[in-house]
Amino acid sequence: MLESRLAQLEASALKRIRAALTAEELEAARVEALGRKGALAQASKEMGKLAPEERAAAGKRLNAAKQALETAFEARQAEFAEQALQARLDAEWLDLTLPAPGVRPGSLHPLTQIQSEIEDLFVSMGFVVLDGPEVETEFNNFDALNIPSDHPARDMQDTFWLKDGHLLRTHTSPVQVRGMRRLGPPLRMIAPGRVFRNEEVDASHEHTFYQLEGMMVDREVSIAHMLYFMKTLLAGIFKRDVTVRLRPGYFPFVEPGFELDIQCLICGGGGCPVCKQGGWVELLPCGLVQPNVLRLSGIDPEEWNGFAFGLGLTRLVMMRYAIDDIRLLQSGDLRFLKQF
Ligand code: DAH
């Protein structure tokens, strides 16, 4: 009897639909009952064989079954959608009451900071800031600074030589040479930059470090002028009284040449590893420009003279922040860098 078979069919399909645990199971149940070749479609074909008076009742029954199954199917589908939404909401749940991670802005490297402070200071006194290449000629790095190839001073600076005869500049002094040639006298310039020495690395030596070169060329420049600028420089950097002393120092490009030392800011002069127990730190070699150096850059030493200095920027940063290991500066270690 078709009608009772329809009732059975409906009951078992409803069961399957309600019990479906996944979208695939549900779809399989739907296809089996309601699909084009499903059980209901099959039954509807058989209706043609029925007598007309039976056909109406069976048709009604068929439609009722179809309706019931479709409703059940949609209900189960809605449940799945609801579950999926709930799962997604659970996964994406945010606790808006948690503290925010906070803004963590970067900061300038302490060397960059000190460099721009010194640049500002000198610019305010009429100096220009010059740049020079890190790969230099032998002539600019040595010869033009009154250091000919047989000069013992070449051994003072262990040089990285390149295969083509160029070198990594051992100091920022070659920028003096470039400045004099390019701008001529009168000249007030500084040149901060990276320099290289072929040295054994330890707590106070690096193969790569920073200097700031300064030079003034004018008429009748004296040691008093030089000292004025050096003292202004130190007052600007340390923003407190720094005890200094001047010793004779030898550099082929200045005469007379000096070593300007400052009393160690880490130990106050009592002696510590940074000042090698001496209480003083060599900070600022300087002097009056050797006439040969002017002449080699096309400046007449009868008419012009000047002073020059070479500030160890790296050492200065170490003094300022009481850093006792030079290697920290280029370590890239965030624990170190975050302190500035
Ligand atoms: N260029 C020298 C060095 O690196 C430092 C220096 C000394 C620079 C005396 C100067 C100066 O301008 O007058 O060892």
Side-chain angles (χ1 to χ4, degrees), residues 115 118 122 127-130 132-134 136-148 151-160 167-181 187-199 204-218 221-231 233-234 244-262 281-294 296-297 299 301 304-316 326:
Q115 180 184 320
I118 299 174
F122 275 101
F127 285 64
V128 291
V129 183
L130 297 184
E134 290 170 352
E136 258 297 4
T137 60
E138 181 178 358
F139 183 81
N140 285 349
N141 195 82
F142 290 124
D143 302 76
L145 291 163
N146 203 30
I147 319 174
H151 199 290
R154 287 220 178 175
D155 303 333
M156 284 163 58
Q157 302 182 351
D158 300 306
T159 309
F160 285 114
L167 48 78
L168 296 185
R169 66 179 179 193
T170 56
H171 49 184
T172 41
S173 303
V175 192
Q176 282 185 12
V177 177
R178 291 173 176 274
M180 284 188 285
R181 276 202 302 249
L187 172 67
R188 292 184 192 192
M189 53 149 282
I190 56 166
R194 198 153 65 140
V195 302
F196 310 86
R197 305 249 175 115
N198 195 348
E199 298 213 44
S204 45
H205 296 91
E206 256 286 14
H207 48 69
T208 304
F209 53 99
Y210 287 77
Q211 289 186 336
L212 184 137
E213 189 78 14
M215 177 183 238
M216 173 170 163
V217 178
D218 212 314
V221 175
S222 69
I223 291 177
H225 291 124
M226 180 186 86
L227 275 177
Y228 166 78
F229 283 104
M230 296 304 94
K231 282 183 179 163
L233 167 62
L234 293 172
V244 303
R245 73 178 183 192
L246 210 54
R247 285 183 292 124
Y250 174 69
F251 302 93
F253 31 93
V254 282
E255 196 175 332
F258 303 99
E259 287 285 2
L260 195 150
D261 300 342
I262 66 167
V281 177
E282 253 181 50
L283 191 67
L284 200 54
C286 50
L288 295 186
V289 183
Q290 228 277 348
N292 259 338
V293 173
L294 295 172
L296 282 162
S297 288
I299 296 177
W304 305 95
N305 75 333
F307 69 80
F309 63 93
L311 179 64
L313 273 187
T314 301
R315 182 165 297 163
L316 190 61
I326 193 172

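Read the numbers this way: they start at 1 and go in the same order the structure lists the ligands and their atoms.
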J.: Can you tell me if M226 has a non-hydrogen atom under 4.0 Å from ligand 1?
T.: no
J.: Could an N or O of ligand 1 be found under 3.5 Å from any N or O of G214, whether backbone or side chain?
T.: no
J.: Between R188 and F229, is there a side-chain heavy-atom distance shorter than 4.5 Å?
T.: yes
J.: Show which atoms of ligand 1 fall inside a sub-4.0 Å distance from at least one heavy-atom site of V254.
T.: 13 (O)
J.: Just going by heavy-atom distances, which of F253, Y250, F209, F258 is nearest to atom 2 (C) of ligand 1?
T.: F253
J.: Find all atoms of ligand 1 within a distance of less than 4.0 Å from any non-hydrogen atom belonging to S173, and give their numbers and elements.
T.: 1 (N), 8 (C)
J.: Could you tell me which residues satisfy ring pair (Phe, Tyr, Trp, His ring centres under 6.0 Å) with F122, sequence neighbours excluded, listed by chain and number?
T.: F127, F309
J.: As a check for students: among H171, R197, E213, identify the option with a heavy atom nearest to atom 12 (O) of ligand 1.
T.: E213
J.: With heavy atoms of Q176 as the reference, note each atom of ligand 1 found under 4.0 Å away.
T.: 12 (O)
J.: Judging by distance only, is a nitrogen or oxygen of C286 under 3.5 angstrom from one on ligand 1?
T.: no
J.: Give the numbers and elements of all ligand 1 atoms closer than 4.0 Å to a heavy atom of A308.
T.: 12 (O), 13 (O)
J.: Purely on distance, is any nitrogen or oxygen of T170 under 3.5 Å from one on ligand 1?
T.: no
J.: Which distance, rounded to the nearest 0.5 Å, do you find between the CE of M230 and the CG of L260?
T.: 8.0 Å
J.: For T314, what residues pass the side-chain hydrogen bond (donor to acceptor under 3.5 Å, both in side chains) criterion, not counting sequence neighbours?
T.: none
J.: Enter the distance from S297:OG to N140:CG here, rounded to the nearest 0.5 Å.
T.: 8.0 Å
J.: Return the option from E259, Q290, Q211, R169 holding the heavy atom at the smallest distance from atom 4 (O) of ligand 1.
T.: Q211
J.: How far apart are the closest heavy atoms of L284 and L311, and which atoms are they?
T.: CD1-CD1, 3.4 Å
J.: Would a 4.5 Å heavy-atom cut-off, applied to side chains only, mark E136 and F142 as touching?
T.: no
J.: Give the atoms of ligand 1, by number and element, whose distance to some non-hydrogen atom of P285 is under 4.0 Å.
T.: 5 (C), 6 (C), 7 (C), 9 (C), 11 (C)
J.: Which heavy atom of L145 sits nearest a heavy atom of S173, and at what distance?
T.: CD1-CB, 3.5 Å
